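Worksheet: one structure, shown below.
All figures in this text were calculated on a predicted structure; none of them were measured in a lab. Residue numbers start from 1 in every chain, and the chains themselves are labelled A, B, ... in the order their sequence lines are given, proteins ahead of strands.
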Number of protein chains: 2
Amino acid sequence: MKLKNEQVVIDGIDKKILRSLISDARTPILEIARNVGISGAAIHQRLRKLEKSGLIAGSKFVINPKVLGYHTMAFIGVFLDKAMSNPKAVKQLEAIPEVIECHYTTGNWSIFLKILCRDNSHLMEVLNKEIQAISGVSRTETFISLEQQIERQIKI
Amino acid sequence: MKLKNEQVVIDGIDKKILRSLISDARTPILEIARNVGISGAAIHQRLRKLEKSGLIAGSKFVINPKVLGYHTMAFIGVFLDKAMSNPKAVKQLEAIPEVIECHYTTGNWSIFLKILCRDNSHLMEVLNKEIQAISGVSRTETFISLEQQIERQIKI
DNA sequence: CGTGAAAGCAAGTAGCT
DNA sequence: AGCTACTTGCTTTCACG
């Protein structure tokens with residue numbers, strides 16, 4: 001039996017299907033079928049196979065945060081006290097909605113965050129009142145993203 | 001006339017619509033309509049309004065890179081020579097498919113990257129043969145993501 | 001903003017090649 | 001794996017409150 005997260009082989013047709021749906025998750029299957037040159041039922045079958053393989057993690061609408069007034073993206077390296085259990089800190093970070101990514105990383109920091117705030121003063125507030133308030137956080141280093149130039153997924 | 005990227009106000013119904021579609025871009029409009037308690041046509045109108053406002057940046061299928069054998073995510077701070085024009089460097093970074101994000105940032109680095117590789121030796125290769133090969137790149141600092149704990153969008 | 005109706009397509013299943 | 005045929009359900013538009 002095939003396990004999820006095992007490596008999977010996909011052919012050119014699968015790639016075309018995935019590329020369509022990666023660029024627009026609502027592309028009709030029949031439209032893909034027309035472009036690829038096989039029937040809708042065949043595309044459907046392939047999609048079920050791709051889903052079962054675990055390759056397709058899901059689908060999302062993507063929101064433009066600037067339109068909601070969120071203009072400041074920043075990366076934050078977090079130093080934790082040795083005594084602090086990382087999972088405990090992560091749990092508290094989850095409760096902060098401005099934190100949109102959280103990684104355990106190699107290197108100086110214990111934890112590395114991406115956060116999204118309305119502006120610099122909102123960023124200051126989140127840093128001082130939310131993140132520094134987590135017990136075990138000793139110090140942080142912040143890098144503001146002035147402009148994001150590339151944003152994409154792995155090439156199919 | 002309303003410009004894109006101007007701030008937009010959304011009500012509770014819009015939020016419900018967006019939350020459905022953020023968690024699954026292929027949720028049928030009629031299903032949302034049933035959950036929200038208004039007609040499909042009304043949902044449709046609201047969606048068109050939200051699209052026109054620029055709030056909805058698009059929709060995507062999300063691929064699980066591990067299933068394709070990509071197991072190593074890393075962040076890279078890039079130091080550029082003062083003489084080097086950043087946009088030139090970015091252009092060359094765009095040609096490296098493993099680079100999935102690229103930001104201009106405040107702080108020590110000129111440019112900050114997120115990259116996705118098959119394993120550590122692939123990462124080494126991309127660093128030494130691709131990124132260091134870009135003229136103007138003087139030095140890099142790499143942090144490997146051992147595990148990603150949080151991944152989400154701004155809260156609606 | 002909302003509704004309901006209607007036309008046209010798309011999704012998903014089944015049986016066959 | 002692929003196809004056609006079919007059922008079911010969705011999307012989209014329209015005129016109207």
**Message:** Just to be sure I understand the rule, does B:I13 reach a base, reach only the sugar-phosphate, or reach nothing, if contact means heavy atoms closer than 4.0 Å?
**Reply:** sugar-phosphate
**Item:** Contact state string [nucleotides 5-16 of chain D, B base, S sugar-phosphate only, - no protein heavy atom under 4.0 Å]
**Value:** -----SBSB---
**Request:** Measure from the ring center of A:F143 to the ring center of B:F143 and say whether it is less than 6.0 Å.
**Result:** no
**Item:** Whether B:F112 and B:F75 hold their rings parallel, tilted or perpendicular, with breakpoints at 30° and 60°
**Value:** parallel
**Prompt:** Got B:L47 and B:L21 here, is their nearest side-chain heavy-atom distance under 4.5 Å?
**Reply:** yes
**Item:** Boundaries of the chain B footprint along DNA chain C (any atom under 4.0 Å from a heavy atom)
**Value:** C:dC1 to C:dA11
**Asked** More than 12 heavy atoms of other residues, nucleotides or ligands under 6.0 Å from NZ of A:K49: is that the case?
**Response** yes
**Message:** If you define the side chain from C-beta out and look only at heavy atoms, does anything of A:V62 sit under 4.5 Å from B:I56?
**Reply:** no
**Prompt:** For atom P, what is the distance between C:dC1 and D:dC16, given to the nearest Å?
**Reply:** 22 Å
**Message:** For DNA chain C, report each stem as range with range, ordered by first number, or say none. Use Watson-Crick or G-U wobble pairs under 3.5 Å, at least 3 in a row.
**Reply:** C:2-17 with D:1-16
**Asked** Name the one of B:L18, B:I32, B:V36 that satisfies side chain to side chain contact (heavy atoms under 4.5 Å, CB included) with B:I13?
**Response** B:V36
**Asked** Are the side chains of A:T140 and A:F79 in touch, meaning some heavy atoms are under 4.5 Å apart?
**Response** no
**Asked** Do A:L30 and A:I43 have side chains that get closer than 4.5 Å, going by heavy atoms?
**Response** no
**Message:** Any non-hydrogen side-chain atom of A:I131 less than 4.5 Å from a side-chain atom of A:V126?
**Reply:** yes
**Prompt:** Is atom CZ of B:R48 surrounded by more than 12 heavy atoms (other residues, nucleotides or ligands) closer than 6.0 Å?
**Reply:** no
